[in-house]
2 protein chains.
Amino acid sequence: MKAHADQVGGKVLKGDLQDLTKKGIPVSTNDLAEEISASAASVTDMIKKLNEKKYVDYQRYQGTLLTLEGGRLATKLVRRHRLWECFLVEKLGYGWEEVHELAEQLEHVQSEDLVDRLEEFLDFPRFDPHGDLIPDRTGRFTLRTQQPLSSMSIDDRAEVVGVAIHDSQFLKFLGDMNIEIGIQFKILEKFDYDGSMRIVIDGSQPTLISPVIAKNIHVKKI
Amino acid sequence: MKAHADQVGGKVLKGDLQDLTKKGIPVSTNDLAEEISASAASVTDMIKKLNEKKYVDYQRYQGTLLTLEGGRLATKLVRRHRLWECFLVEKLGYGWEEVHELAEQLEHVQSEDLVDRLEEFLDFPRFDPHGDLIPDRTGRFTLRTQQPLSSMSIDDRAEVVGVAIHDSQFLKFLGDMNIEIGIQFKILEKFDYDGSMRIVIDGSQPTLISPVIAKNIHVKKI
DNA sequence: TTAAATTTTTAGACAAGACTAAAAATAAAT
DNA sequence: ATTTATTTTTAGTCTTGTCTAAAAATTTAA
C-alpha cells in the first residue's frame, strides 16, 4: 500500500500551518497531537517522515517548523479543503457547520487540476463558508485587490486593472466594448444559470458580459 | 488506521458486479485479479474478508458470487462512481475519457447523503458520460426502455427509437449509415479503450460506431 | 485414468500508519 | 541545584493491504 507523503502528514501540515502563521515559533508535538486528535507518538513518527522529506524542520525535543516547501504543500491542502467546502455549501446546499468532515475526505483526491477547475466552477471564491481566505493557485492568500470580474456581486463597483488573456483578438473585443484599464463600472445583474452579467460603465449604456469574458477581466473593487 | 469494509473490497465488488450481470455464474479469482490489476493472492485475501462480511458467497477454488447484500453495496459504489463522472464532465468540463481515475478517488468519500445531493444538483442524470446507466438511490437501475446505444452490451439486439442531438449534420450522417428510427440491429463488439462498437443491421454489412455517435442514438433493447 | 498444465490458495514477508507503555530529555518548583 | 513534573521520544505491537514463492486443488490432455 503506497501512501503519498503529501497526504500522509496532511493533517500535521495543516495543523502546523495554522499555529504557525506567526512564523518562527516551533509547534510542540503535544499541541499538534491535540489538534489532530492523535497520540503524541504518532505525531512524532509522522514528523520524522516529513522531516526526511524536507517539509518540516525538526530536531527532537525542539518542536517543529514548516519549511518553505512544507508551507507550500500546506497551503495547497488548505486551498483544496476550503474550495471543497465552498462547493458543498454553495452547490449542494450543506450548512457551513456540516462540511468540514466531508471536505477533509474530498481533499484527499490527488489532482491539482481538479482543484483549479473547481475554483473556476465556483467563480473564484475568496473566502470559504467560514470566512477564511482561500489561497489562489500560486499559493498566495489573496491579499490582492485584484479579482476576476466574474467573482463580483450585484451592486459592486469595480475598476478594471488587467486581463488574464493577452490575445489581441480578445483585447480588441474589449476595446469595442469600451473596456480598458482604469474604466470603472457597476454590476447590475448576474445570471446564475450561465454566469453572464450586465454591467454599466459610468455614463454609458449597460452592457452584457459573457461568463468567459468576465472570467478574464481583472478588476478591483472600489 | 481503520478502513471501511465498504471500500476495502470496493474494487472487487465492482469488478464482480460487472462480470456478474448474468447472475449465477461465479467469477474466477484470476479474472478478478486481472480486472483490478492485483495479484491473485491479494484477491483471495480480500474475498475472504468480503465473505465473512457476507458480501460474497465464496468457497475456495469455486469462484465468487455476489450476495444480495453485496450486490446492493456494489450498486452503491457504481452509483457514486457514475455520478461523480457526470459531475466532472458536466460541471468541470473534463473529457469523458479522463474522468475514470478521478471518479475512483472521489468515490472513496463516505457519505450517502453527499451522493444523493450530488445527484440532485446534477438534475438526476440517467446515464454517465460513457452512456452507462446510473442506479437510483434505491439501487434500481432505471428500467427505461430507452437508453443510449452506448449502454448496450455485446450480443444485445436493439431498435433505434430516437436521437439525443437533432442537429441536421448528425442526422444526415446517421442517414448515410442507414440508421433511422425503427432500424433493428445487434451489437457485435465493444471496444473498452474508447467505447466504440461494431454493430450489424439485419441483413447488411457490420458497421463501426464511434462512442460519440453511440451516446446520441437512443435505442430500446429487443 | 494418470500425467501435465493451470488455477487458486496458503505461508511468509514487508510497508505504513497508529497505538500503548516505558524510557529519556527538558522544564518547573522547591 | 536537586527533585518533581511534564513533554517527547523510543520500543515494541497491531492492523490492513499488498506481494512473491511454493503448495494444493482442479482441469485438461494424452
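Naming convention: chains lettered A, B, ... in sequence-line order (proteins, then strands); numbering from 1 in each chain.
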Checklist entry - Nearest to the side chain of B/Ala41 - D/dT20, C/dT9, D/dG17? => result D/dT20
Item to check | salt_bridge(A/Glu52, A/Lys49) N-O dist < 4.0 Å | outcome: no
Taking only N/O atoms, report every protein-nucleotides 2-7 of chain C pair under 3.5 Å with atom names and distance.
none

Checklist outcome for this item: A/Asp45 atom CG is separated from D/dT15 atom P, nearest whole Å, by 18 Å
Checklist entry - Once you round it to whole Å, what is the distance between P of C/dA18 and CG of A/Leu32? => result 13 Å
Next on the checklist: From the set D/dT18, C/dT9, D/dT10, return the single nucleotide nearest to any side-chain atom of B/Met46.
Outcome noted: D/dT18
Item to check | Phosphate OP1/OP2 of C/dT10 contacted by B/Arg60 side-chain N/O (<4.0 Å) | outcome: yes
Next on the checklist: What is the distance, to the nearest angstrom, from the CD1 atom on A/Ile36 to the P atom on C/dG17?
Outcome noted: 12 Å
Checklist entry - Given atom NZ of A/Lys53 and atom C1' of C/dA16, what is their separation to the nearest angstrom? => result 10 Å
Checklist entry - Taking only residues two or more places apart in sequence, or in another chain, which ones meet B/His81 in a ring pair (Phe, Tyr, Trp, His ring centres under 6.0 Å)? => result B/His100
Checklist entry - Are a donor atom and an acceptor atom from the side chains of B/Thr138 and B/Asp136 found within less than 3.5 Å of each other? => result yes
Item to check | Integer-rounded Å distance: D/dT8 C1' and A/Asp31 CG | outcome: 12 Å
Checklist entry - Does OP1 or OP2 of C/dT9 have a side-chain N or O of B/Thr44 closer than 4.0 Å? => result yes
Item to check | A/Glu119 side-chain N/O to A/Leu83 backbone N/O, donor-acceptor pair under 3.5 Å | outcome: no
Checklist entry - Would you say C/dG17 has OP1 or OP2 under 4.0 Å from some side-chain N or O of A/Ser42? => result no
Item to check | Qualifying residue for salt bridge (charged side-chain N to carboxylate O under 4.0 Å, His left out) with A/Asp123, from A/Lys190, A/Lys91, A/Lys215 | outcome: A/Lys190
Checklist entry - In terms of the nearest nucleotide of DNA chain C, which residue is placed more toward the 5' end: A/Val43 or A/Gln62? => result A/Val43
Checklist entry - Where is the tightest heavy-atom contact between A/Val99 and A/Leu88, given as atom of each residue plus distance? => result CG1-CB, 3.6 Å
Item to check | Nucleotide nearest A/Ser39 (side chain, heavy atoms from C-beta), chosen from C/dT9, C/dC19, D/dT9 | outcome: C/dC19
Checklist outcome for this item: Separation of D/dT16 atom P from B/Ile47 atom CD1, nearest Å, is 18 Å
Checklist entry - Is the shortest distance from a Lys or Arg side-chain nitrogen in B/Glu69 or B/Arg72 to a carboxylate oxygen in the other one below 4.0 Å? => result yes
Checklist entry - Rounded to the Å, how far apart are A/Tyr58 OH and D/dT7 C1'? => result 12 Å
Item to check | Nearest-angstrom distance from the residue atom NZ of B/Lys48 to C1' of D/dT18 | outcome: 14 Å
